[in-house]
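Working notes, structure below.
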Amino acid sequence: MNLASIPSPSTGVIELGPIPLRGYAFCIIIGVFVAVWFGNKRWIARGGKAGTVADIAVWAVPFGLVGGRLYHVITDYQLYFSEGENWVDAFKIWEGGLGIWGAIAFGAVGAWIGCRRRGIPLPAWADALAPGIAFAQAIGRWGNWFNQELYGKPTDLPWAVEISEGANRVAGTYHPTFLYESLWCIGVALLVIWADRRFTLGHGRAFALYVAAYCAGRAWIEYMRVDEAHHILGLRLNVWTAIIVFVLAVVYIVVSAKLRPGREEIVEPDRDTTPGKDADAKDADAKDADAKKDPLSKDEPGESGKDLTAESTEAAAEKG
C-alpha cells in the first residue's frame with residue numbers, strides 16, 4: 001500500500017480561456033523558449049551577436065519536430081499502421097510521441113542551414129546551445145506526465161507516479177521514468193556548463209559531452225520502461241541507440257581535442273558593413289592613393305610646370 005505518490009493530471013489539456021492547450025505541447029514550447037534564451041546568453045558570452053541563436057532556431061526547431069515525429073512513427077509504426085489503427089494519428093503530434101534521436105539529427109540539419117546562411121560555424125553554435133537543450137528536455141519530459149505515458153515498472157516507492165485506467169495502460173503506481181530523465185537532464189546541463197568553464201570546450205565538444213552524458217542516463221532509464229518497444233538481442237531499440245550514440249560522441253570528443261584543441265576565437269564574423277559600402281570604401285581609398293601619387297594635384301608645380309615656365313622666359317627674351 002502506498003503512503004505517498006505523485007498524482008497524475010486528470011486531463012492533459014490546459015484551458016486558456018476559449019483556447020485549449022495540451023500539456024504536452026505546452027511543455028515543448030516552454031522548453032524551446034528556455035533553450036533559445038539560455039543559448040543566446042552563452043552565444044553572446046562567446047563573442048556572438050544577440051539574436052543569432054533565435055534566427056538559427058527558426059530553422060532548427062521545425063526540422064527537429066519533424067525529425068522527432070518521424071523517428072517515433074518509424075520505430076513505433078505498429079501504433080499507426082497495424083490493423084484497426086488509424087494512420088492519420090501519425091500526424092497528431094500534440095498527443096505525444098517525439099523521438100529525441102530524430103529531433104537532434106534533423107534539428108542539426110536545420111541548424112546547419114541556418115548557420116551556413118549566417119556564415120558561422122555549426123559546432124560553435126551547438127556548443128552554446130548544448131546545456132539549453134538539456135534544460136529543454138528536462139521541461140519537455142513533463143509533457144509525458146500530462147499524457148500519463150513513458151512510466152516504468154510497478155513500484156510502491158513514495159515517489160511513484162499514479163496512473164489511471166486508460167487505453168493501453170493499467171491503473172497503479174509506477175516508476176516515474178519521465179521524472180528520472182528530467183532530473184538527469186538537469187544534471188547533464190549543469191555538467192556541460194561546469195566542464196565548459198573548466199576545460200574551455202570548443203569545436204563541438206561541449207555539445208558532444210551533452211550527447212554522451214544524456215545517452216549514459218537514457219540507457220538505464222530506458223531499461224526501466226514498460227511501454228511497448230522493439231527489442232534487439234534482448235535490449236530495447238532505444239538502449240542500443242543510446243549505446244551507439246554514446247560511443248560516437250566520446251570518439252568525437254577525443255579526436256576533436258587532438259585535431260582542434262582549444263576554442264574558436266571568433267564565432268561570428270562582423271557583417272555590419274554591407275557589400276555596397278565595402279566597395280565604396282575601397283573606391284575612396286583608391287582615389288586617395290592616386291591623388292597622393294599625382295604631382296599635379298599638389299600646390300607646388302611639377303616637372304611639366306617647370307617646362308612651361310622656362311618656355312615663357314625664352315619667348316620674352318626673344319621679343320626683347
Side-chain angles (χ1 to χ4, degrees), residues 1-12 22-24 27-28 31 68-69 71-80 82 84-85 89 92-93 95-104 134-189 191 211-247:
M1 178 178 179
N2 288 356
L3 298 178
S5 60
I6 302 174
S8 291
S10 58
T11 177
R22 291 188 173 274
Y24 184 88
C27 292
I28 296 296
R69 188 60 176 178
Y71 182 90
H72 167 72
V73 172
I74 292 173
T75 56
D76 291 311
Y77 62 87
Q78 72 280 355
L79 300 177
Y80 308 100
S82 298
E85 302 294 342
D89 292 342
K92 297 179 180 179
I93 191 173
E95 293 185 354
L98 288 175
I100 185 61
W101 315 112
I104 293 297
F135 281 132
Q137 286 180 256
I139 297 171
R141 272 306 176 201
W142 284 89
N144 303 129
W145 176 62
F146 280 99
N147 288 349
Q148 297 194 46
E149 60 187 4
L150 303 189
Y151 45 85
K153 300 174 182 178
T155 182
D156 57 359
L157 291 171
W159 57 82
V161 62
E162 298 176 11
I163 299 297
S164 60
E165 191 74 26
N168 300 320
R169 65 175 187 251
V170 179
T173 55
Y174 300 85
H175 277 284
T177 50
F178 74 90
L179 175 61
Y180 298 160
E181 186 167 335
S182 179
L183 295 175
W184 182 270
C185 286
I186 292 175
V188 169
L191 171 65
V211 172
Y214 171 74
C215 289
R218 178 61 184 268
W220 67 266
I221 294 172
E222 182 75 21
Y223 189 76
M224 297 178 64
R225 284 167 49 172
V226 294
D227 54 302
E228 185 178 357
H230 297 287
H231 288 72
I232 301 175
L233 299 178
L235 292 179
R236 293 167 66 96
L237 174 61
N238 282 332
V239 174
W240 282 110
T241 304
I243 293 173
I244 294 172
V245 175
F246 171 83
V247 172

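The figures that follow rest on heavy atoms only: side chains count, while hydrogens, waters and symmetry mates do not.
Applying the ring pair (Phe, Tyr, Trp, His ring centres under 6.0 Å) test to Tyr80 and every residue at least two apart in sequence or in another chain returns His72. Applying the side chain to side chain donor-acceptor pair (under 3.5 Å) rule to Trp240 yields no partners; only residues at least two apart in sequence or on another chain are considered. Tyr77 is linked by a ring pair (Phe, Tyr, Trp, His ring centres under 6.0 Å) to His230, counting only residues two or more places apart in sequence or in another chain. The salt bridge (Lys or Arg N to Asp or Glu O under 4.0 Å) check on Asp227 picks up Arg225, Arg236, with sequence neighbours excluded. Phe146 pairs by the ring pair (Phe, Tyr, Trp, His ring centres under 6.0 Å) definition with nothing, not counting sequence neighbours. Contacts of Glu85 classified as side chain to side chain donor-acceptor pair (under 3.5 Å), with partners at least two apart in sequence or in another chain: none.
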>> Between Leu235 and Leu233, is the side-chain contact (heavy atoms from CB on, under 4.5 Å) condition met? List the steps.
In response: CA-CA 6 Å; Leu235 292 179; Leu233 299 178; 5.9 Å; no
>> Quick one, Ile6 with Glu162, criterion side-chain contact (heavy atoms from CB on, under 4.5 Å). Give me CA distance, side-chain angles, the key distance, then yes/no.
In response: CA-CA 6 Å; Ile6 302 174; Glu162 298 176 11; over 6 Å; no
> Going through the checks in order, is the side-chain contact (heavy atoms from CB on, under 4.5 Å) test met by Tyr151 and Arg169?
Replying inline: CA-CA 10 Å; Tyr151 45 85; Arg169 65 175 187 251; 3.0 Å; yes
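Using modelled atom types and a 3.5 Å distance limit, the side chains of Ser5 and Trp159 yield no donor-acceptor pair. Side-chain contact check for Tyr71 and Asn238: at least one donor-acceptor pair (N or O, by modelled atom type) lies under 3.5 Å. Between Tyr214 and Glu181, the side chains place a donor N or O and an acceptor N or O closer than 3.5 Å (distance only, hydrogens not considered). Looking at Tyr24 and Trp145, their side chains never bring a donor and an acceptor atom within 3.5 Å of each other.
Note that CD1 of Ile74 and CZ of Arg69 are 11.5 Å apart. Values are rounded to the nearest 0.5 Å. Once rounded to the nearest 0.5 Å, the distance linking OG1 of Thr241 with CZ of Arg218 reads 8.5 Å.
Inter-residue side-chain proximity for Arg141 and Cys185 is flagged as unmet; no heavy-atom pair is nearer than 4.5 Å. You'll find the side chain of Glu228 stays beyond 4.5 Å of the side chain of Asp76, heavy atoms only. Using a 4.5 Å cut-off on side-chain heavy atoms (C-beta onward), Leu98 and Ile28 make contact. Between Val161 and Leu179, every side-chain heavy-atom pair lies at or beyond the 4.5 Å cut-off.
Shown here is Trp220, whose CH2 atom has more than 12 heavy atoms of other residues, nucleotides or ligands within 6.0 Å.
A pairwise comparison of heavy atoms in Ile163 and Ser8 identifies CD1-OG, 4.0 Å as the closest pair. Of all non-hydrogen atoms in Ser182 and Ala138, the two that sit nearest each other are OG-O, 2.8 Å.
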